[in-house]
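One structure is given here, and the rest of the page talks about it.
Letters A, B, ... are given to chains in the order of the sequence lines, protein chains preceding strands, and every chain is numbered from 1.
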Protein chains: 2
Amino acid sequence: MNNKILKSADLKQTKKRILILSVLEAAPTALTVDEIAEITSKDTKMNLSTIYRALNALVDKNVVLKTLHQDGKTYFEINSHTHKHSLVCTICNKKVIIDTCPLEVLEQNLTNQTGYAITGHNLEFFGICPDCLNHMPEKTI
Amino acid sequence: MNNKILKSADLKQTKKRILILSVLEAAPTALTVDEIAEITSKDTKMNLSTIYRALNALVDKNVVLKTLHQDGKTYFEINSHTHKHSLVCTICNKKVIIDTCPLEVLEQNLTNQTGYAITGHNLEFFGICPDCLNHMPEKTI
DNA sequence: ATTCGTGCAAAGGGTTTGCACTATT
DNA sequence: AATAGTGCAAACCCTTTGCACGAAT
């Protein structure tokens with residue numbers, strides 16, 4: 001199946017790209033290059049530039065989505081076209097997926113008001129997760 | 001007035017910090033360090049690290065907000081506490097400010113669902129502005 | 001006088017790129 | 001055989017940091 005994705009994206013089907021795609025497909029959330037490297041390393045060693053290049057090729061083909069998060073790292077995920085956002089703990093980085101996106105309506109309004117053809121958006125929530133709240137000294141809350 | 005901000009933030013009132021603050025206050029939108037350097041250079045030369053350090057000190061005091069955008073640059077703006085988002089043209093980077101934030105309601109729901117204490121969010125819209133739409137060859141639309 | 005801000009140059013982290021080599025088609 | 005992918009090391013961009021000097025309290 002990943003073969004099909006690569007074929008229709010006009011990319012050669014290499015073991016490494018197939019592996020990267022399968023990792024992204026199995027992931028419940030967007031991953032960084034380091035995370036992908038960590039996961040794939042159990043299977044094959046590959047250079048970070050290989051991962052970057054494979055991902056960027058897939059991004060160009062619109063198979064994968066690329067988003068820069070507030071932690072300074074770029075996250076990659078399969079473009080499922082069913083669009084989700086996340087809520088990240090600013091202390092431990094634990095992440096929860098939000099599966100409703102309330103922004104489509106707003107986008108239509110924005111188009112009407114600004115004339116922009118809106119092609120996407122990026123939304124991240126920040127907060128402190130229940131665990132970190134519990135382990136936090138009183139005075140810092 | 002900027003003196004007051006600095007004083008109440010427990011920061012020494014230097015010409016450079018006062019200048020940086022006045023630039024941020026005059027700006028209609030969040031600025032990068034380069035933009036701030038460009039503007040302030042008409043007045044005083046200052047090292048980029050000075051700007052970074054001044055801004056980060058103000059961020060620590062919650063006077064200034066810091067956000068990493070999808071272009072890989074960090075944007076700074078006065079924390080007006082009246083919270084806004086932007087719509088950025090992916091071609092020419094022209095930016096429109098959106099002054100309604102529809103997310104506070106959503107945040108409350110998220111808190112109930114996840115137990116996270118939500119401390120903020122980051123939202124950027126992307127699109128193509130009317131000018132760029134006009135100058136665009138048909139086939140690329 | 002003390003404390004903190006600043007300039008400079010160097011380092012840092014994440015990402016990209018040039019080149020020679022290897023694999024896929 | 002031709003084309004595209006990969007590893008390696010170096011370069012890149014933006015941001016941060018150490019240190020010596022200078023300015024604000």
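Note on A:T74: a side-chain N or O is less than 4.0 Å away from OP1 or OP2 of C:dT15. OP1 and OP2 of C:dT15 both lie 4.0 Å or more from every side-chain N or O belonging to A:N56. Here A:K15 reaches the OP1 or OP2 of C:dT24: one of its side-chain N or O atoms lies under 4.0 Å away. B:Q13 has a side-chain polar atom (N or O) that falls below the 4.0 Å cut-off from OP1 or OP2 of D:dT25. Dashed line: the shortest gap from a side-chain N or O of B:S49 to OP1 or OP2 of D:dT15 is not under 4.0 Å. Regarding contacts with the backbone of C:dG5, every side-chain N or O of B:K12 stays at 4.0 angstrom or more from both OP1 and OP2. Using a 4.0 Å cut-off, no side-chain N or O of B:K7 falls inside it from OP1 or OP2 of D:dA24. Note on B:K16: every side-chain N or O is 4.0 Å or more away from OP1 and OP2 of D:dG22. Within the structure, a side-chain polar atom (N or O) of A:N47 is placed less than 4.0 Å from OP1 or OP2 of D:dC8.
Checking B:Y52 against B:T14, the closest nucleotide of DNA chain D that is more toward the 5' end is the one next to B:Y52.
Rounded to whole angstrom, the span from the CG atom of B:L19 across to the C1' atom of D:dA24 amounts to 17 Å. Between A:K66 atom NZ and C:dT16 atom C1' there is a gap of 9 Å when expressed in whole angstrom units. Between the CG atom of B:L21 and the P atom of C:dG5 there is a distance of 13 Å, rounded to whole Å. Atom-to-atom, CG of A:L55 to P of D:dT6 comes out at 11 Å; the value is rounded to the nearest Å. Atom CZ in A:R53 sits about 15 Å away from atom C1' in D:dT3, given to the nearest Å. Taking atom CG of residue B:D71 and atom C1' of nucleotide D:dC12, one finds them 16 Å apart after rounding to whole Å. Look at CD on A:E35: it is 11 Å from P on C:dT15, rounded to the nearest Å. Following rounding to the nearest Å, B:I51 (CD1) and C:dG7 (P) show an atom-to-atom distance of 9 Å.
Taking 4.5 Å as the limit, some side-chain heavy atom of A:I36 sits within range of a side-chain heavy atom of A:L55.
In this structure, a donor-acceptor pair under 3.5 Å is absent between the side chains of A:D34 and A:T32.
Looking at heavy-atom distances under 4.0 Å, B:D34 makes no contact with the nucleic acid at all. Within 4.0 Å of A:L48, counting heavy atoms only, lies no atom of the nucleic acid at all. Looking at heavy-atom distances under 4.0 Å, A:T32 makes no contact with the nucleic acid at all.
Taking CG from B:L24 and OG1 from B:T29, the interatomic distance works out to 11.0 Å, rounded to the nearest 0.5 Å.
A continuous path of ILVMFWY side-chain contacts below 4.5 Å connects B:L21 to B:M46, so both sit in one hydrophobic cluster. Residues B:V63 and B:Y75 are members of separate hydrophobic clusters, defined by side-chain heavy-atom contacts under 4.5 angstrom among Ile, Leu, Val, Met, Phe, Trp and Tyr.
Listed for the B:Q70 side chain is no donor-acceptor partner under 3.5 Å among the backbone atoms of A:T67.
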